[in-house]
Undergrad: 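Below are the structure tokens for one structure; questions will follow.
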There are 2 protein chains.
Amino acid sequence: MIELDFRSHIPIYAQIVERIKHLIATEVIQSGDQLPTVRQLASELQVNFNTIARAYRMLDEAGVLSTQQGRGTYVLEPLLPQRAERLRESALEELTRSFLDEAARMGFTPDDVERVQAVLIKKRRSPSARDDG
Amino acid sequence: MIELDFRSHIPIYAQIVERIKHLIATEVIQSGDQLPTVRQLASELQVNFNTIARAYRMLDEAGVLSTQQGRGTYVLEPLLPQRAERLRESALEELTRSFLDEAARMGFTPDDVERVQAVLIKKRRSPSARDDG
DNA sequence: TGTCTCTTTGTAGCATTGTCTCATTGTACC
DNA sequence: GGTACAATGAGACAATGCTACAAAGAGACA
């Protein structure tokens, strides 16, 4: 359900936060659902359970999850539309920021990014164009 | 395993880079192997751990190693230089593609992405601009 | 019903890992 | 001599992992 990129220099806990936000945004997991325990998910992803705990804690502080010692971790009610929209916007910003960081780390300039991206977006807008890369 | 020539005018970090490349080329160390920690190797070679870190970072950027903060440093699959360049470009494509997918799944249009991204890139180009959210 | 014990949950503190920023050293050039 | 730059070193920092811990639930039993 969640995949990590250990080669990326985006911290593991940050990747997990993003993935979970995404799973909730796409309603793969929903309000009230229990998430895997820190140890379960840690074992599954081959990382330390404290790294999972850190991600859960950040999402807890962000009002997305509720972590309860001895009980587990649960998805909270969806936020009010207003707040949800703000969260959505900030999620996009964070996602974009990570993306730009990673590209920069790989030695690409913003121009490179915009160039490649423009092509890809164009393709998406005209689905007839085949991607025979 | 690695020996240095302190009298040589070749920088230490460069010597280390070469030695490690050689060790990988001769398969003394192989894909997936963990390298000594920066401090271990630094102690062994009697140099500062930052010098080792520098060598590791260069090899990371060259796609030879994967350095992971808090975890360690690992040998990656070897790549032919030719392939590496092609791979570099397609890696950016792949990164961009998954970024756009992710944004799309979150319900954002390419326009949304371009709008947010343009702002972020602009900020990066003029770091003086304050981020007053 | 109460409580005891064991298991399962998340938490906290510290050790280990690589990273960052700045200071120091040595060398090349003017 | 003075300046600029690269190489190295020192210390603080951030990310991850290990160990011990505390809180909550499940079952046994008086």
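Below, chains carry the letters A, B, ... as their sequence lines are ordered, and counting in each starts from 1. Here the structure is a predicted model, which is why all the values come from computation and not from measurement.
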Undergrad: Considering the options L23(B), L59(B), I24(B), which one meets the side chain to side chain contact (heavy atoms under 4.5 Å, CB included) requirement together with V75(B)?
TA: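 Passing option: I24(B).
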Undergrad: Give a yes/no on whether any side-chain N or O of R71(B) is located under 4.0 angstrom from OP1 or OP2 of dA15(D).
TA: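 No, no such contact exists.
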Undergrad: Using the side-chain heavy atoms of Q69(A), tell me which of these nucleotides is nearest: dA12(D), dA15(D), dA23(D).
TA: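 That would be dA23(D).
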Undergrad: Does a side chain donor of either S66(B) or Q68(B) reach within less than 3.5 Å of an acceptor in the other side chain?
TA: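 Looking only at side-chain atoms, Q68(B) and S66(B) do form a donor-acceptor pair, the distance falling under 3.5 Å.
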Undergrad: What I want to find out is whether D101(B) reaches R124(A) closely enough, with some N-O distance under 4.0 Å, to be called a salt bridge.
TA: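 Looking at R124(A) together with D101(B), the answer is yes, because their closest N to O distance falls below 4.0 Å.
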Undergrad: Rounded off to whole Å, could you give me the CZ-to-P distance for the R57(B) and dT8(D) pair?
TA: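 The distance from CZ of R57(B) to P of dT8(D) comes to 13 Å, rounded to the nearest Å.
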Undergrad: What is the separation between atom OH on Y74(A) and atom P on dG10(C), rounded to the nearest whole Å?
TA: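 That distance rounds to 9 Å.
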Undergrad: Does a side-chain N or O from T51(B) land closer than 4.0 Å to OP1 or OP2 of dG9(D), or not?
TA: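 Yes, such a contact exists.
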Undergrad: Calculate the interatomic distance between H9(B) atom NE2 and dG26(C) atom P; express it in whole Å.
TA: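 It works out to 13 Å between those atoms.
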Undergrad: If you find the nucleotide of DNA chain D closest to I12(B) and the one closest to P11(A), which residue's nucleotide is nearer the 5' end?
TA: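 Residue closer to the 5' terminus by nearest nucleotide: I12(B).
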Undergrad: Which comes earlier along DNA chain D counting from the 5' end, the contact point of G70(B) or that of F49(B), where each point is its nearest nucleotide?
TA: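 The residue mapped nearer the 5' terminus is F49(B).
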Undergrad: Can you tell which of dT8(D), dG10(C), dA20(D) lies closest to the side chain of T73(A)?
TA: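 Looking only at side-chain atoms, T73(A) lies closest to dG10(C).
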Undergrad: Roughly, in whole Å, what's the span from CG in L4(A) to P in dG17(D)?
TA: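 Computing the L4(A):CG to dG17(D):P distance gives 10 Å.
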Undergrad: Return no unless some side-chain N or O of T67(B) is found under 4.0 Å from OP1 or OP2 of dT17(C).
TA: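 No, because none of the side-chain N or O atoms of T67(B) sits under 4.0 Å from OP1 or OP2 of dT17(C).
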Undergrad: Quick one: N48(A) CG to dA12(C) P, roughly how many Å, whole number?
TA: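 Rounded to whole Å, this separation is 15 Å.
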Undergrad: Could you give the CD-to-P distance, from Q34(A) to dA24(D), as a whole number of Å?
TA: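 It is 15 Å, rounded to the nearest whole Å.
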Undergrad: Side chain of R39(B) only, please: which of dT9(C), dG18(C), dA15(D) is the nearest?
TA: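 Within the option list, the nearest is dG18(C).
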Undergrad: Between E77(B) and S31(B), do the side chains contain a donor N or O and an acceptor N or O under 3.5 Å apart?
TA: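 Their side chains do contain a donor-acceptor pair, which is all the 3.5 Å distance test asks for.
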Undergrad: Atom CD1 of I10(B) to atom P of dA7(D): distance rounded to whole Å?
TA: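 Going from I10(B) (CD1) to dA7(D) (P), I get 12 Å.
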Undergrad: Within this structure, what is the CZ-to-C1' distance between F6(B) and dG26(C), rounded to whole angstrom?
TA: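 Taking CZ of F6(B) and C1' of dG26(C), I get 16 Å after rounding.
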Undergrad: Can you tell me if the side-chain N/O atoms of N50(A) get under 4.0 Å from OP1 or OP2 in dC18(D)?
TA: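 For N50(A), the contact criterion (side-chain N or O under 4.0 Å from OP1 or OP2 of dC18(D)) is not met.
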Undergrad: Does one side chain, of T109(A) or D112(A), offer a donor that lies under 3.5 Å from an acceptor on the other?
TA: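 There is such a pair (donor and acceptor under 3.5 Å, judged by atom type) between the side chains of T109(A) and D112(A).
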